[in-house]
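Throughout, a chain's letter reflects where its sequence line sits, starting with A, and its residues are numbered from 1.
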Number of protein chains: 2
Amino acid sequence: MITVAIAEDHQALIDGIQSYVRYEEDIKIIGHANNGEELLKIVRLKQPKVVLCDIRMPKLDGIEATKIILKELPYTKIVAFTMFDQDEAVKQMLGAGAHGYILKNSSLDVVLEAIRVVATGKTFYDRKLHLPNTQKNSSKSVLSSREREILQLIAKGRTSHQISEELFIGKSTVDTHRKNMIRKLGLSGAGELLRYAVEKKYEF
Amino acid sequence: MITVAIAEDHQALIDGIQSYVRYEEDIKIIGHANNGEELLKIVRLKQPKVVLCDIRMPKLDGIEATKIILKELPYTKIVAFTMFDQDEAVKQMLGAGAHGYILKNSSLDVVLEAIRVVATGKTFYDRKLHLPNTQKNSSKSVLSSREREILQLIAKGRTSHQISEELFIGKSTVDTHRKNMIRKLGLSGAGELLRYAVEKKYEF
DNA sequence: AAAAAACTAGGGTTTTTCCCTAAAACTCAA
DNA sequence: TTGAGTTTTAGGGAAAAACCCTAGTTTTTT
């Protein structure tokens with residue numbers, strides 16, 4: 001029997017998972033929390049084999065919670081369950097010691113699979129995830145890494161001139177990158193690119 | 001029998017809801033989509049009585065989708081189902097004609113309740129929601145309604161010139177509004193305003 | 001080694017924003 | 001109802017930013 005605790009901001013999703021798991025004979029959900037602090041209490045008390053854990057949570061986020069849990073109870077297996085498919089989020093969560101990483105836009109079957117896999121001591125990464133191998137993926141993306149770097153700054157509302165100063169390159173260079181990105185992405189104008197940049201930060 | 005379509009970015013949540021609703025005799029989920037465009041197709045084809053709709057979705061957001069659906073099929077009841085408990089999101093969704101608004105951190109029982117209530121023609125607002133007093137809030141807002149209207153268009157990446165044509169006013173007028181908003185919000189430059197506009201649309 | 005892609009950049013043109021000023025319309029309270 | 005304050009409207013010119021064309025250098029891929 002695999003005992004599981006869920007930490008998840010959205011009660012609706014917890015309810016859904018519980019309903020879905022109810023008739024699985026090998027998995028039992030022994031507790032759930034809506035924030036990181038609650039999760040810690042539950043884990044200390046009930047010592048689940050697997051923790052399913054959102055990254056964005058009130059009070060204590062999933063990354064910090066993971067570190068604390070693994071320090072206190074190193075045999076706990078932790079699966080990150082989140083909407084973020086971003087370099088930083090994945091990197092930090094894995095850095096904290098998570099054993100699996102699945103995305104909320106995957107089906108609940110993937111969740112069950114992940115729980116079963118990490119329970120055996122193996123790791124599990126969502127097939128939709130495209131960035132643990134940071135090297136290869138950067139080349140597959142439409143935008144080059146330099147372009148993405150510049151896009152990050154554009155997303156903050158910076159102008160080409162400001163960006164050129166931050167990156168120690170010429171304004172014209174930033175302009176060129178900007179132009180290329182607009183072309184690659186099929187956009188028209190600086191405004192649309194900025195909009196794209198801000199929205200894509202959260203990986204729609 | 002209440003027929004329901006779900007539009008939701010996160011497949012995991014759709015699976016959960018479907019599992020949860022399976023044994024409810026009066027509610028039947030006849031389709032689900034992971035983005036706004038898919039939702040439109042399903043709604044046109046199957047004409048559900050109730051649509052459960054996330055705000056943030058790829059391709060077409062919940063607000064735009066709601067407007068389109070209600071124009072084509074005015075008897076459809078739409079419930080916004082989202083993580084955002086923010087003025088702007090609620091206001092816009094209700095402005096688009098939504099009949100209910102529930103939060104993802106409420107339990108799935110609330111979802112069922114909302115579906116049943118709006119199906120009878122009534123409206124349903126999550127108890128956790130704390131801003132239906134639209135009058136007071138809009139006057140309390142820093143920006144005037146015209147300014148917010150323009151900010152909407154700025155958020156789409158439009159230039160002052162484009163906005164002036166859409167609103168049938170002079171470019172200089174849009175410029176002035178833009179300048180006043182930058183001042184009121186304590187920002188510097190068009191880029192930061194655009195960033196603000198895109199982010200604050202859903203108040204992340 | 002050649003080809004392709006990425007990164008760099010200058011200079012000139014066009015577009016957009018920014019700034020100052022100001023009038024008409026509307027709002028709300030004295 | 002008068003008057004002060006706010007909102008919406010707008011012009012013209014200066015400044016800034018973006019856009020376009022071209023092109024050399026470096027890096028990566030084939």
Side-chain angles (χ1 to χ4, degrees), chain A residues 87 130-131 133-198 200, chain B residues 87-88 91 95 133-198:
Chain A
D87 292 48
H130 47 265
L131 0 95
N133 44 345
T134 324
Q135 246 71 43
K136 293 198 171 177
N137 275 80
S138 51
S139 62
K140 211 175 62 183
S141 170
V142 195
L143 301 180
S144 71
S145 67
R146 189 60 155 175
E147 284 171 338
R148 280 200 304 277
E149 189 182 6
I150 288 170
L151 197 59
Q152 294 282 327
L153 296 172
I154 289 176
K156 291 182 178 170
R158 308 269 205 284
T159 66
S160 294
H161 178 65
Q162 290 172 321
I163 293 169
S164 77
E165 287 185 334
E166 286 186 57
L167 299 181
F168 306 105
I169 56 178
K171 182 189 100 54
S172 341
T173 306
V174 180
D175 276 345
T176 305
H177 284 302
R178 194 190 283 268
K179 184 196 67 182
N180 289 335
M181 284 189 274
I182 290 171
R183 181 180 45 73
K184 283 181 179 177
L185 298 168
L187 305 174
S188 69
E192 286 189 10
L193 183 64
L194 176 36
R195 183 199 176 195
Y196 174 93
V198 176
K200 282 297 176 285
Chain B
D87 292 46
E88 269 312 295
K91 211 183 295 173
N133 43 346
T134 325
Q135 246 70 46
K136 294 197 171 177
N137 276 66
S138 54
S139 64
K140 212 173 58 182
S141 172
V142 196
L143 301 180
S144 71
S145 67
R146 189 59 155 176
E147 284 170 338
R148 279 200 303 276
E149 189 183 5
I150 288 170
L151 197 59
Q152 296 280 326
L153 296 172
I154 289 176
K156 290 181 178 171
R158 307 270 205 283
T159 67
S160 295
H161 177 64
Q162 289 171 321
I163 293 168
S164 77
E165 287 186 334
E166 285 185 59
L167 299 181
F168 306 107
I169 57 179
K171 184 190 88 60
S172 339
T173 307
V174 181
D175 277 345
T176 305
H177 284 302
R178 194 192 283 267
K179 184 197 66 182
N180 289 335
M181 284 189 275
I182 289 172
R183 181 180 45 75
K184 282 182 178 177
L185 298 169
L187 305 173
S188 70
E192 287 189 8
L193 183 64
L194 175 37
R195 183 203 176 190
Y196 175 92
V198 176

Measure from the side-chain heavy atoms of [X] and tell me the nearest of [options].
| X | options | answer |
| --- | --- | --- |
| B:Ala190 | D:dT7, D:dA18, C:dC18 | C:dC18 |
| B:Ile169 | D:dT8, D:dA18, D:dA10 | D:dA10 |
| B:Arg146 | D:dA17, D:dT9, C:dC18 | D:dT9 |
| A:Ile182 | C:dT8, D:dC19, D:dT8 | D:dC19 |

Using whole Å, what does the distance between atom [atom2] of nucleotide [N] and atom [atom1] of [X] come to?
| X | N | atom1 | atom2 | value |
| --- | --- | --- | --- | --- |
| B:Leu187 | C:dT17 | CG | P | 15 Å |
| B:Asp175 | D:dG12 | CG | C1' | 12 Å |
| B:Gln162 | C:dT15 | CD | C1' | 11 Å |
| A:Leu167 | C:dA6 | CG | C1' | 15 Å |
| A:Glu147 | C:dA5 | CD | P | 13 Å |
| A:Leu194 | C:dT16 | CG | P | 15 Å |
| B:Lys171 | C:dT17 | NZ | C1' | 7 Å |
| B:Glu192 | C:dT17 | CD | P | 15 Å |

Does A:Glu149 offer a backbone N or O that forms a donor-acceptor pair with the side chain of A:Gln152 under 3.5 Å?
->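 No, A:Gln152 side chain to A:Glu149 backbone: no donor-acceptor pair under 3.5 Å.
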Is there a donor-acceptor pair closer than 3.5 Å between any side-chain N or O of A:Gln162 and the backbone N or O of A:Thr159?
->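 The answer is yes, because a donor-acceptor pair under 3.5 Å joins these two groups.
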B:Leu194 and A:Gly191: which non-hydrogen atoms are nearest, and at how many Å?
->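 So the minimum-distance heavy-atom pair works out to CD2-O, 3.5 Å.
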For [N] and [X] - does any side-chain N or O of the residue sit under 4.0 Å from the phosphate oxygens OP1/OP2?
| X | N | answer |
| --- | --- | --- |
| A:His177 | C:dT8 | yes |
| B:Thr173 | D:dT9 | no |
| A:Ser172 | C:dA9 | no |

Which part of the nucleic acid does B:Thr159 contact within heavy-atom distance under 4.0 Å: base, sugar-phosphate only, or nothing?
->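 Sugar-phosphate contact only.
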Between B:Lys171 and B:Asp175, is the closest basic N to carboxylate O distance under 4.0 Å?
->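 A salt bridge is present here (some side-chain N lies under 4.0 Å from a carboxylate O).
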Can you spot which of A:Arg178, A:His177, A:Lys184 makes a side-chain hydrogen bond (donor to acceptor under 3.5 Å, both in side chains) with A:Glu147?
->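 Going through A:Arg178, A:His177, A:Lys184 one by one, the side-chain hydrogen bond (donor to acceptor under 3.5 Å, both in side chains) with A:Glu147 is satisfied by A:Lys184 alone.
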Test for a donor-acceptor pair under 3.5 Å between the base of C:dA9 and the side chain of A:Thr176, counting only N and O atoms.
->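 Indeed there is one.
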